[in-house]
Amino acid sequence: MLKSVFFLLGLSSSLLGAKTPNILFLFSDDHALRTIGAYPGSINQTPNLDAIAKEGAIFSHSFNVNSICCPSRAAILTGKHSKANGVIGNSSNWNGKQWVYPRELGKAGYQTALIGKWHLKGNPTDEFQHWDILSGKGGQGSYFNPVFLSANGEKRSLGHSTKIITDKTLKWLKERDKKMPFLICAQYKTPHIHRLPPPKFMGQYDQVDFPVPHTFFDNFSTRSSFVSETWMALKGMKGHVLNIAPTEPEIEANPKLMPPFLREMTAPQRAAWHQAYDPRNLKMRELDESGKLNGENRSLYIYQRFIKDYIRCVDGLDDQVGRLLRYLDKAGLKENTIVIYSSDQGFFTGEHGWAEKRWMYEESFKSPLLMRWPGMIKPGTVIDALVQNIDLAPTLLKAAKIEVPVSVHGRALQPILSGKSDPSWRKDILYQYFDGGTPEERGPYNMPRHEGVRDQRYKLISFYEFNEWEFYDLQEDPNELNNLIQSPFMQGQIQRLKQRLTQLKIAYEN
Ligand code: CA
């Protein structure tokens, strides 16, 4: 039996041929485009992520089908919209028996592995040949000393999760069967809340302030009422999620004061945390006591606390991505390996005063997407076409010369990888968010279900349980501040997109 399996694998790998590309899929959680150096308007430096874009392509219009953690991951694996793959929200169960692209690559002779954050409700079975995933905290895992679950059971690793996921990925790459092509997905927890940067980066940015988004003090004047009522305002953040906690001497005097996240750390990790954060927290108390943290000043202070931790986490990610890229260089794998960087969604980093995702507005609807593919993508390519996370599965299958089933909703990206516009490419995309509630009982974050269509210029959003609509001209109003649903000049476009919404929903139902 085993012999025949090996024979089949050997046969298929030789059928794939020497040029079949390897795939390194780098993935993070909640990564906003404005915190990647390669994206226009970026507020920080990410030299290693930027190198992927510089030596390959950056996608300016890469979107999600449903901007929330579990549905995004399911859409990528299946190449399908949420209703068709069954993961419509974070509480949906994962059906691991359904078609997924990594299993197809495995059947065709690839070695496949997923390391890091899986975050689907139901552990992996045979989607990947090897899996080693963050465990605990509802699949979120810990930043420090995380527990991993594999086919062999649970095991804790010492250190910071960003580095451990990289270490495990490098180990797998070094120990793999070098005769076969590979797919390895390194899926990071960072920069998801509660943001604990690696000790190496904890001390950064005390002397700088990051730019505040233009829409930070949005008054939501043209929007549906529930838009301003969601529970995702930065100004409401407090306590441990901003790394606000008692100081080291205070905890020494009264150990009961130690918050759970510090209990998870080793003594040296805790010492590093206190060294970085105690002075910030003492300074905050001083500002508070002197009355300098009121109203808008408080919101702006919280924004800086939030964004600095966010960027420290991104710095840790970029640092580790650099290790993986250097390994590909050193191992002679660069020329025959597709490197993809993406995140499960984008994130509001202060836009509209928020620190969350879920909405169909640009900051969370978009996902970063960078792709290096020597021989296929020219260095420095910018791709403006509308792409979605469901396109990755067919793209990778096509790269491996495997037929893509017609049931897959996504489209292989190869025709647009030159950066030139392709008249046959899709003109609009569907978004559906199902995690909301009813008009009587709002869903998580006090926000409603919604769906919509976006084309290159316009966006229509339907809050269908409230019978409310929004419409934006993204060319004139890229920050989506001016809802034009009542505009007499826009009624033709609105009717057109309403029809497209109906058509796309039917097309992607199954
Ligand atoms: Ca996420």
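Below, each value reflects all heavy atoms present in this structure, side chains not excepted, and no hydrogens, waters or symmetry copies. Both ligands and their constituent atoms are indexed starting at 1 by order of listing.
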Check your understanding: Within less than 3.0 Å of the Ca ion (ligand 1), how many protein N/O/S atoms are there?
Key -> 6
Check your understanding: Any side-chain heavy-atom pair from D309 and F201 closer than 4.5 angstrom?
Key -> no
Practice item. Flag the pair F128 / W118 as yes when at least one side-chain heavy-atom distance between them is below 4.5 Å, and no otherwise. Key: yes
Practice item. Give the ring-plane orientation class for H409 versus Y508, where under 30° counts as parallel, over 60° as perpendicular and anything between as tilted. Key: tilted
Practice item. Compute whether any side-chain donor of one residue and acceptor of the other, for D435 and N90, lie under 3.5 angstrom apart. Key: no
Practice item. Search all heavy atoms of I377 against all heavy atoms of T381 and return the closest pair with its distance. Key: CG2-OG1, 3.8 Å
Exercise for review: Could you please spell out the steps behind the side-chain hydrogen bond (donor to acceptor under 3.5 Å, both in side chains) verdict for W273 and N243?
Suggested key: CA-CA 9 Å; W273 187 93; N243 282 307; 3.1 Å; yes
